[in-house]
Q: 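This is the structure I want to talk about, given as structure tokens.
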Amino acid sequence: MKNNLERAELGSPIIMCQAGAVGVKLGRARIMVRGIVQGVGFRPFIHRLASDHELKGWVLNSTEGVVIEVEGPIKRLEEFIANITLKAPPLAVIERVESSFLPPVGYQSFIIQASQEEEGKFVLISPDICICPDCLRELSDPQDRRYHYPFINCTNCGPRFTIIKDIPYDRPKTTMAAFQMCPSCKEEYLNPSDRRFHAQPNACSACGPRVWLVNERTTGDSLTEGEEAIIMARHLLNRRAIVAVKGLGGFHLACDATNDASVALLRERKCRVNKPFAIMSLDCRAVEGYCHVNDAERQLLESPQRPIVLLRRKSGSPISALVAPNNSYLGVMLPYTPLHYLLLERRGGEPETLALVMTSGNMSEEPIAIGNEEALERMGTLADAFLLHDRDIYVRCDDSVTRVFEGKETIIRRSRGYAPFPVRLNFEMKPVLACGAQLKNTFCITKENYAFLSQHIGDMENLESLSSFESGIEHLKRLFRVSPEVIAYDLHPEYLSTKYARELRGNGQLSSGVQFVPVQHHHAHIASCLAENGVQEAVIGVAFDGTGYGEDGQIWGGEFLVCDFRHFERRAHLKYVVLPGGEAAIRKPYRMAISYLYHIPTALTSGLALLDRIDPVELEIVRRQIERGINSPLTSSCGRLFDAVSSLLGICDVITYEGQAAIELEMLADESFEDGYHWPLPRGKFPITINQEPILCDIIHDLRTGVPIAIISAKFHNAVAEMVSGVCCLIREQDGVNSVALSGGVFQNLYLLKRTLSHLWRKGFTLYIHHQVPCNDGGIALGQAVIANAKVTSPELRRSIYVPSGAV
Ligand SMILES: [Zn+2]
Ligand SMILES: [Zn+2]
């Protein structure tokens, strides 16, 4: 910023005037501020700042950002410009401040001018942000007119993305259009020096949304409303009931997290056997009662995004073990809406609630409910009561999930509080729509050097998810004024996102010249990691995950690529094994264990507890599937190797959520143990095939000799980490590439990630991992977008791109 100013001083003639006897140099600065600067209280902030510095002029919203002209003494102008960045409102994200100096024109006052809009231009849109400290103070101040009003907000906080139907961001284009502001609210809204100046969701109990409690699904009769409704909901929660609570981006199902019976009931009703539930506590002090929280984690918990943060659980914690079975972490968040605060704060004579389960309001893997009617319909059998309100949610947006890895935020699910904030790229993109993967789907739309990665759509396994995906795409296209010229999609023919792309190709509704680019799954994983790290040169990409469609039609997932955005070469991979019964082998890790052991002559003969746990009839079926390959594709998946080891060790034979077997295997690994199994690596011809059999033989040997499971798990993890580093060294010798990027869901395993990085570091590699974008399939769309862009803009690669017939 200072540099900009210095450049402006050097480059443009600064015309200064002597202000009479004082001899102060006067000037006029014209300033353009870009980034998230609209709908976040930026103009009133500039108004105040100008008055603090006694400067005259104006400010306005344009379609590219905020434009300011101020005049006064040069020294004060400089301070003013510096303070724009230093003192910006909490929700603003300033990307650039450009300033130039001009002769003064004699402004007499400072005013906020009407907005200027131009066709096709766009501004960044703020994600939803948690209640700010000022509003929180007013919420609990009996003298304030919004005392205990559950929808209090201001320009510094409150709903944004989830209520915006279109731009420009004005009340009529939000779901607040239904509410007419009362005179008091209107006055605040129109007063430039008020914290609620142009706060689009501004409201109070006289004019705004209201809350009520319902327990009768069939009639939807209200039990009680307003403050009483919240007190009643608390009362029910304290008596083991399950309450559906309408939030910011959808419904939660809430229950007392310290009560085994409530949590067990919720699991039973939701048909969610083991997958961890997120919990919410009033503040960090409460969280410290049951989890270890370091400074970085505290900062993340208290950040305005209010994500779910994965924290290490304290032993003997009062939180029910059923909240996250067989897991040493808990997903914890702090309240982010005023309603959450009112629900958690101690009131109405009720005992203090340490933590509430706040899990998504849906049946197993469907999208979360957002509408009142929809919630009553879909969750009638799940909840005992519904805490509803009438501020409509326009965009479904799940809670985000993050963790701190080596002091830095590392995202696992990027959604509420983050979307639709873009990932900044260090190059310009064509307008691309990337359709993402099948599980944990997000899509990505690009414009200029921004990649708008969508909120979490979920597993694309039902019509509800597909329709959420389709409407999400239309919405982001409209908000950011993008009409895609390139459509990127996964190679897997059965992904619903791929089918969507193919239908676009077939239905002829797109303008001619739109190009379709299929992208290999693991190439996309690595490209996503490179894009967020601003890397464009070739790297060794280690992509370890459960399932991704390979160019040979087999299921890949233990891949070493040498790649940049444009191409990839498969340099090494885990040896193919049979996936007996396809999907069945993913749900039942013991099938994978049999598949691995089948080729080890001594393994299946005797003494393995695993064999005693399997029904002999099924064992026979699996044998036949392996021998004849019936409904049994081949896979090089690393996720499946973890599954097999987990089952072999008797940790998890059947999964009830994705990744369960591997997670439970990780949780048991002895952290203090550094030795690993020796994994011999082949030398010679590329691509290298890495044989898993030697380490499985070692594991069986340890099992038979009674080595503890925690040690075997540690030795296995350490062996994988060392193998990665060993293979990367072989590839470096061959290709001369010295950078490694790690991606794919397997690297959510911190035990593995930490050790892999440390081995690679010792070998002198430059390393890239994910922080802003998930390493799992939730980050795939970003990689697809940058690859497709690189391919269509690279002349020698254009042949491989499909252009619809009839196109120019
Ligand atoms: Zn506020
Ligand atoms: Zn009002």
Side-chain angles (χ1 to χ4, degrees), residues 36-49 87-93 125-164 169-172 174-212 225-227 247-249 282-283 301-307 333-345 389-392 397 416-417 421:
I36 297 191
V37 288
Q38 296 185 14
V40 293
F42 209 80
R43 289 173 303 165
F45 154 70
I46 292 295
H47 189 272
R48 277 196 304 280
L49 196 62
K87 296 187 174 171
L91 296 198
V93 180
I125 289 169
S126 168
D128 301 282
I129 294 297
C130 81
I131 181 171
C132 72
D134 289 330
C135 286
L136 193 56
R137 194 173 26 75
E138 290 169 356
L139 182 71
S140 54
D141 175 4
Q143 305 308 314
D144 194 273
R145 72 186 193 88
R146 292 190 179 83
Y147 177 58
H148 283 181
Y149 179 57
F151 303 96
I152 185 172
N153 68 83
C154 73
T155 46
N156 298 329
C157 71
R160 293 290 186 278
F161 177 55
T162 54
I163 61 165
I164 298 177
Y169 173 54
D170 270 326
R171 189 153 167 136
T174 70
T175 61
M176 283 300 291
F179 302 92
Q180 195 80 38
M181 269 183 269
C182 70
S184 306
C185 285
K186 190 86 187 176
E187 204 183 304
E188 296 164 337
Y189 182 86
L190 294 174
N191 177 3
S193 61
D194 196 282
R195 206 172 88 241
R196 298 194 165 86
F197 176 71
H198 280 212
Q200 305 304 345
N202 190 28
C204 72
S205 55
C207 65
R210 51 184 203 99
V211 61
W212 67 95
E225 61 171 75
E227 180 140 25
L248 208 47
L282 186 61
D283 51 26
L301 280 168
E302 291 177 344
S303 71
Q305 290 78 19
R306 291 287 153 97
M333 60 184 149
L334 298 188
Y336 50 89
T337 69
L339 183 59
H340 292 151
Y341 274 99
L342 296 174
L343 202 57
L344 277 153
E345 266 168 7
H389 65 68
D390 55 359
R391 187 180 67 201
D392 288 345
C397 205
R416 177 190 51 75
F421 188 64

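For ligands, and for the atoms within them, numbers begin at 1 and follow the listed sequence. Starting from 1, each residue takes its place in the sequence as its number. Here the structure is a predicted model, which is why all the values come from computation and not from measurement.
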Q: Please calculate the SG(Cys154)-the Zn ion (ligand 1)-SG(Cys157) angle and round it to 10 degrees.
A: 120°
Q: Do Tyr336 and Gln305 have side-chain N/O donor and acceptor atoms under 3.5 Å apart?
A: no
Q: Check whether Arg160 reaches the backbone of Cys157 with its side chain - one donor and one acceptor, N or O, closer than 3.5 Å.
A: yes
Q: Keeping the roles fixed (side chain from Arg171, backbone from Asn202), state whether a donor-acceptor pair exists under 3.5 Å.
A: yes
Q: To the nearest 10°, how many degrees is the angle Cys135 SG to the Zn ion (ligand 1) to Cys132 SG?
A: 110°
Q: State, to the nearest 10 degrees, the angle whose vertex is the Zn ion (ligand 2) and whose arms point to SG of Cys204 and SG of Cys182.
A: 110°
Q: Judged by atom type as modelled, is there a donor-acceptor pair below 3.5 Å linking the side chain of Arg196 to the main-chain atoms of Asn153?
A: yes
